[in-house]
Amino acid sequence: MTVLILGGTAEARALADGLVAAGVPLISSLAGRVQNPRLPAGPVRSGGFGGAEGLARYLQTEQIELLVDATHPYATAMTANAAHAARLADVPAVRLARPGWAHHPDADSWTWVDDHQEALLAAQDHLRHTGGVPFLSTGRQTLPHYTAWREMPVLVRVVEPLDDPAPAWTVVLDRGPYTLESERELLQRNNIGVLLSKDSGGAYTAAKLTAAGELGVRVVVVRRPDVPSGLVEEPSVEAVLGRIGVGRSATD
């Protein structure tokens, strides 16, 4: 079996580690948007496929027997293409997405919204009561949704430099994992009144949520999009490995 893994997430890298350890042929595909990405084990390709049809051709040309979409939970275009391509090429497809933060101890106190426009409005409502500065930790591709804040102080954290940073924004270049202590200090130093996040899940960036709860900072979370039909959703690397007959020991 040859497995194609889409995505540069921590889960994608862990899955590649497990497949390499088990001797299962694989190819990892990265979008190529991040400079100096953390590379997974095994063969890696970078760049797009040319839409769903191009991905379907690649699946057939490379004789891929399992497609694993391990992209970020909010990479909706790639996930939709993966589902469509798998149907066109008649290749089994799995969606590997780490569980979200719905079971976080503070989740019931957060404001959950369906999109970034709702997030903006909810955050503005919180700021009218709390004051302080909004903290955008939703990723650089979401920032156009928040242009209404271009002339006000905003803390933005991204992995890559912004092409056109707003003049009043404070931009922090960093990537997880983050510690509770460092996140607490970041929120306090920047007088954060509301934290905006996507329901990304995982431990790499969860400390900001705990720090916000400790400091009384309001939290607005954008819900995850639905998974397209045709993708079997798996919650863990171990579940995917088990699906293809690789034991848990492969990732130990």
Extract all donor-acceptor atom pairs below 3.5 Å that involve side chains of residues 43-54 and protein atoms in other chains or at least two apart in sequence.
residue: R45; atom: NH1; partner: S29; partner atom: OG; Å: 3.0
residue: R45; atom: NH1; partner: G47; partner atom: O; Å: 2.9
residue: R45; atom: NH2; partner: G48; partner atom: O; Å: 3.2

Minimum-distance pair of heavy atoms, taken over all atoms of [X] and [Y]:
X	Y	result
G18	V246	O-CG1, 4.4 Å
L195	K208	CD2-O, 3.8 Å
G139	T142	O-OG1, 2.7 Å
L196	P134	CD1-CB, 4.2 Å
A70	T9	O-OG1, 2.7 Å
L55	A82	CD2-CA, 3.9 Å

Would you give me the side-chain donor-acceptor pairs under 3.5 Å for residues 217-226, sequence neighbours excluded?
residue: R218; atom: NH1; partner: H126; partner atom: ND1; Å: 2.9
residue: R223; atom: NH1; partner: D114; partner atom: OD1; Å: 2.8
residue: R224; atom: NE; partner: D199; partner atom: O; Å: 2.7
residue: R224; atom: NH1; partner: R98; partner atom: O; Å: 2.8
residue: R224; atom: NH2; partner: R98; partner atom: O; Å: 2.7
residue: R224; atom: NH2; partner: D199; partner atom: O; Å: 3.3
residue: R224; atom: NH2; partner: S200; partner atom: O; Å: 2.9

With rounding to the nearest 0.5 angstrom, report the [atom1] to [atom2] distance, [X] to [Y].
X	Y	atom1	atom2	value
L186	N190	CG	CG	5.0 Å
T179	E185	OG1	CD	9.5 Å
H145	L136	NE2	CG	11.0 Å
S137	D174	OG	CG	12.0 Å
L15	L26	CG	CG	7.5 Å

Before you tell me yes or no, could you show the steps for R243 and V232 under side chain to side chain contact (heavy atoms under 4.5 Å, CB included), namely the whole-Å CA-CA distance, both residues' side-chain angles and the distance that decides it to 0.1 Å? CA-CA 11 Å; R243 172 178 286 274; V232 178; 3.1 Å; yes
Lys/Arg cation over aromatic Y204: R175, 6.0 Å, 45° cone: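 R175 over Y204 ring: no.
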Take I192 and L155, measure what side chain to side chain contact (heavy atoms under 4.5 Å, CB included) needs, and give me the verdict at the end. CA-CA 8 Å; I192 300 303; L155 177 66; 3.8 Å; yes
For the pair [X] (side chain) and [Y] (backbone), establish whether a donor and an acceptor sit closer than 3.5 Å, ignoring hydrogens and angles.
X	Y	value
Y58	A56	no
W101	D106	no
W169	E151	no

Quick one: list whatever passes side chain to side chain donor-acceptor pair (under 3.5 Å) with [X], sequence neighbours left out.
X	answer
D69	T71, T79, R95
Q117	none
R150	none

Salt-bridge criterion met for E160 and R140 (N-O under 4.0 Å):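 Looking at R140 together with E160, the answer is no, because their closest N to O distance does not fall below 4.0 Å.
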Hydrophobic cluster membership, with links at side-chain heavy-atom distances under 4.5 Å among I/L/V/M/F/W/Y: are L173 and F135 in one?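 Different hydrophobic clusters.
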Using the test ring pair (Phe, Tyr, Trp, His ring centres under 6.0 Å), find all partners of W110 that sit at least two apart in sequence or belong to another chain.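 W110 satisfies ring pair (Phe, Tyr, Trp, His ring centres under 6.0 Å) with H104, W112 once adjacent residues are dropped.
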Considering residues, nucleotides and ligands other than Q141, do more than 12 of their heavy atoms fall under 6.0 Å from its CD?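 Counting neighbours around CD of Q141, 12 or fewer heavy atoms of other residues, nucleotides or ligands fall under 6.0 Å, so no.
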